[in-house]
2 protein chains.
Amino acid sequence: MGSRDGTGDSTGRQGYAADIDSIREAQARIAPYVHRTPVLSSASIDAMVGKQLFFKCECFQKAGAFKIRGASNSIFALDDEQASKGVVTHSSGNHAAAVALAAKLRGIPAHIVIPRNAPACKVENVKRYGGHIIRSDVSIESRESVCKRVQEETGAVLIHPFNDKYTISGQGTVSLELLEQVPEIDTIIVPISGGGLISGVTLAAKAINPSIRILAAEPKGADDSAQSKAAGKIITLPSTNTIADGLRAFLGDLTWPVVRDLVDDVIVVDDTAIVDAMKMCYEILKVAVEPSGAIGLAAALSDEFKQSSAWHESSKIGIIVSGGNVDLGTLWESLYKQ
Amino acid sequence: MGSRDGTGDSTGRQGYAADIDSIREAQARIAPYVHRTPVLSSASIDAMVGKQLFFKCECFQKAGAFKIRGASNSIFALDDEQASKGVVTHSSGNHAAAVALAAKLRGIPAHIVIPRNAPACKVENVKRYGGHIIRSDVSIESRESVCKRVQEETGAVLIHPFNDKYTISGQGTVSLELLEQVPEIDTIIVPISGGGLISGVTLAAKAINPSIRILAAEPKGADDSAQSKAAGKIITLPSTNTIADGLRAFLGDLTWPVVRDLVDDVIVVDDTAIVDAMKMCYEILKVAVEPSGAIGLAAALSDEFKQSSAWHESSKIGIIVSGGNVDLGTLWESLYKQ
């Protein structure tokens with residue numbers, strides 16, 4: 001277990017926050033704490049899309065999302081002295097639960113700043129793993145200032161949800177696994193939010209196969225990445241509006257260079273397309289995904305993709321199904337009534 | 001591809017309809033047509049149950065349920081002359097879609113008799129695979145008489161949903177796979193209806209490991225198997241009432257001897273427990289199961305199991321998640337409204 005500085009300010013060989021070495025190191029470090037998730041496929045969905053799709057099901061990951069990869073890499077890379085003061089993060093959901101679980105596995109306290117509008121099931125997950133919950137207002141400013149206060153009061157190390165070398169390296173292990181499971185994949189579609197997942201996935205995948213294509217899938221109501229790519233600089237939005245509660249963050253200074261240079265394109269889809277794709281995941285693939293987890297399939301089915309050059313050059317497409325934490329209250333109400 | 005007689009009237013070495021040889025033969029025959037489904041586990045669910053559970057996810061199987069195993073074994077065992085006249089079956093759901101798909105794969109017609117009360121999504125699946133649908137009344141008498149008429153008119157071979165050597169042998173391949181994937185399993189909980197799945201699973205598992213325990217999980221509103229075990233003879237019920245639409249059939253003369261002699265116990269659970277278990281499958285395991293598919297987990301969580309001697313002797317429990325075909329209409333209505 002190496003020493004680290006809490007927030008990732010070191011850069012890899014190519015000037016990016018992580019590289020294939022830091023991602024392989026992460027894979028070895030987190031192996032005892034994460035599931036190797038299965039890859040599912042469906043002839044029915046393939047027929048609808050017209051390509052072969054391989055769903056990397058991170059919804060089956062511990063705590064229900066890929067986030068435990070980055071969180072456990074960050075937390076188990078702390079030296080004992082750093083770790084002893086605990087960790088802190090602000091997150092509306094999956095990263096929060098992942099930090100709580102990884103801290104529990106390491107036996108240290110986790111302080112989790114959660115905005116008031118977080119989905120109930122995601123708050124429940126944090127509680128299940130013994131995280132210490134502190135509520136904040138919804139704005140990113142409120143979340144950050146509450147987080148800073150906890151850091152000052154406790155000495156806890158900040159575990160950033162995406163803008164950090166260790167987080168990015170941990171998330172990149174998704175890509176290592178997927179390309180071990182299905183080496184012939186030529187394109188990977190990845191949900192994009194703060195950019196931690198796609199940065200890790202891209203850096204690992206392009207190190208293994210430089211000609212692999214990486215496409216980001218982004219909700220229309222939070223399309224800062226598409227706008228940033230178009231503008232050539234980080235664009236943030238005054239507000240976001242999408243059912244995909246996991247995809248409302250903006251790129252950071254460590255993830256933006258990877259998205260700018262190495263992500264081939266951003267496919268933007270609206271919320272109806274996300275729910276359509278969710279429905280297919282439940283009804284055909286039989287996988288209980290959250291909206292953010294279904295956006296890769298929505299992108300694969302989109303006209304924007306079908307009219308792009310990437311469509312013609314893609315044959316075997318990996319879809320990262322990022323998570324499965326969603327409130328299904330209305331469903332249970334209807335079933336208990338029967 | 002061997003010749004066969006359509007309905008299974010031959011018996012294996014021990015006097016049962018199938019044996020480990022016919023099940024291994026089935027595994028080789030159906031390998032090109034079925035998925036090797038993954039086994040999932042959840043530390044959170046294990047903590048709730050107090051045992052290690054291994055979920056064999058047949059909901060990810062082709063056509064969304066284990067039924068393709070028996071159907072493809074039956075249909076690919078037909079000789080060319082028998083096959084040329086097509087196949088027929090009566091089923092309210094998963095077996096119907098499986099026969100339609102297996103017949104499509106073999107390139108022969110499938111006539112499917114479906115009662116008027118079958119779930120819409122299961123009828124859709126039959127249509128998707130090109131099955132020729134014939135509607136019948138709900139009663140088993142109506143279903144059988146319509147089926148017999150189609151047989152007479154077309155010469156099609158009946159593919160029985162459970163009371164058949166080839167069907168039972170095909171379903172038994174679930175057990176071969178599960179014990180290859182997790183050899184240390186000491187107990188398997190299997191949903192019971194007509195008994196095809198549990199007969200195949202039991203005959204394979206006990207041939208591999210004679211001390212393995214097989215428990216049936218049955219809904220309270222269709223508990224003919226529990227009553228039959230208690231009475232020492234096949235009991236049928238005047239009517240059934242359960243949310244588990246896949247578990248409303250009664251034992252047949254080929255499945256009853258296996259249930260009578262080799263199934264260790266039947267655990268009966270009510271519909272509320274089934275929906276509770278479904279909720280856990282969606283919210284924790286992230287697997288979209290149908291009620292019949294969740295009943296194994298419901299049984300594992302039941303007081304009846306916890307108070308039995310089997311509880312104390314079980315440590316690593318396989319749960320057969322039989323299928324995932326369920327109408328989730330209310331869920332989509334609520335999500336599209338957001």
Side-chain angles (χ1 to χ4, degrees), chain A residues 33 35-44 47-48 55 57-65 101 105 121 124-125 128-129 241-243 271-272 274-276 278-279 281-291 293-294 321 323-338, chain B residues 33 35-44 47-48 55 57-65 101 105 121 124-125 128-129 241-243 271-272 274-276 278-279 281-291 293-294 321 323-338:
Chain A
Y33 313 112
H35 286 310
R36 185 181 171 92
T37 54
V39 174
L40 298 182
S41 60
S42 158
S44 299
M48 285 182 234
F55 295 89
C57 290
E58 286 293 298
C59 49
F60 303 147
Q61 188 50 265
K62 294 201 183 210
L101 174 56
L105 291 168
C121 70
E124 274 312 303
N125 283 346
R128 177 183 302 148
Y129 300 124
N241 180 17
T242 171
I243 194 173
D271 279 11
T272 301
I274 292 173
V275 179
D276 288 345
M278 251 183 105
K279 193 164 182 276
C281 288
Y282 281 70
E283 294 189 346
I284 304 181
L285 213 54
K286 317 301 181 194
V287 173
V289 302
E290 60 185 272
V321 179
N325 294 315
V326 60
D327 282 329
L328 299 173
T330 52
L331 175 62
W332 310 124
E333 281 165 31
S334 71
L335 288 177
Y336 281 117
K337 265 187 229 145
Q338 279 185 20
Chain B
Y33 313 112
H35 287 309
R36 184 180 172 92
T37 54
V39 174
L40 298 182
S41 60
S42 158
S44 299
M48 284 183 236
F55 294 89
C57 289
E58 286 293 298
C59 48
F60 303 147
Q61 189 49 267
K62 295 203 183 210
L101 174 56
L105 291 168
C121 70
E124 274 313 301
N125 283 346
R128 177 181 303 147
Y129 300 122
N241 179 19
T242 170
I243 193 174
D271 279 10
T272 301
I274 292 173
V275 178
D276 288 344
M278 253 183 102
K279 193 163 182 275
C281 288
Y282 281 69
E283 295 190 347
I284 304 179
L285 213 55
K286 317 301 181 193
V287 174
V289 302
E290 58 185 274
V321 179
N325 294 316
V326 59
D327 283 329
L328 299 174
T330 53
L331 175 63
W332 310 123
E333 281 165 31
S334 71
L335 288 177
Y336 281 117
K337 264 188 229 147
Q338 280 184 19

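Per chain, numbering begins at 1; letters A, B, ... match sequence-line order.
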A:N241: what forms a side-chain contact (heavy atoms from CB on, under 4.5 Å) with it, not counting sequence neighbours? none
Give me the atom names and distance for the closest heavy-atom approach of A:L40 to B:P38. CD2-CG, 4.0 Å
Minimum heavy-atom distance between B:L328 and A:E283, given as atom pair plus value: N-OE2, 4.2 Å
Student check: side-chain heavy atoms of A:V326 and B:Y282 closer than 4.5 Å: no
Looking only at A:A288, A:G293, A:S42, most heavy-atom pairs under 4.5 Å shared with chain B are made by A:A288
Examine whether an atom of [X] lies under 4.5 Å from a heavy atom of chain A, and if so say whether it belongs to the side chain, the backbone or both; otherwise answer neither.
X	result
B:I284	side chain
B:N325	both
B:S44	side chain

Among all residues two or more places apart in sequence or in another chain, which pass the ring-ring contact (aromatic ring centres under 6.0 Å, His included) test with A:F55? none
Are any side-chain N or O atoms of B:K286 and backbone N or O atoms of A:C59, one a donor and one an acceptor, separated by less than 3.5 Å? no
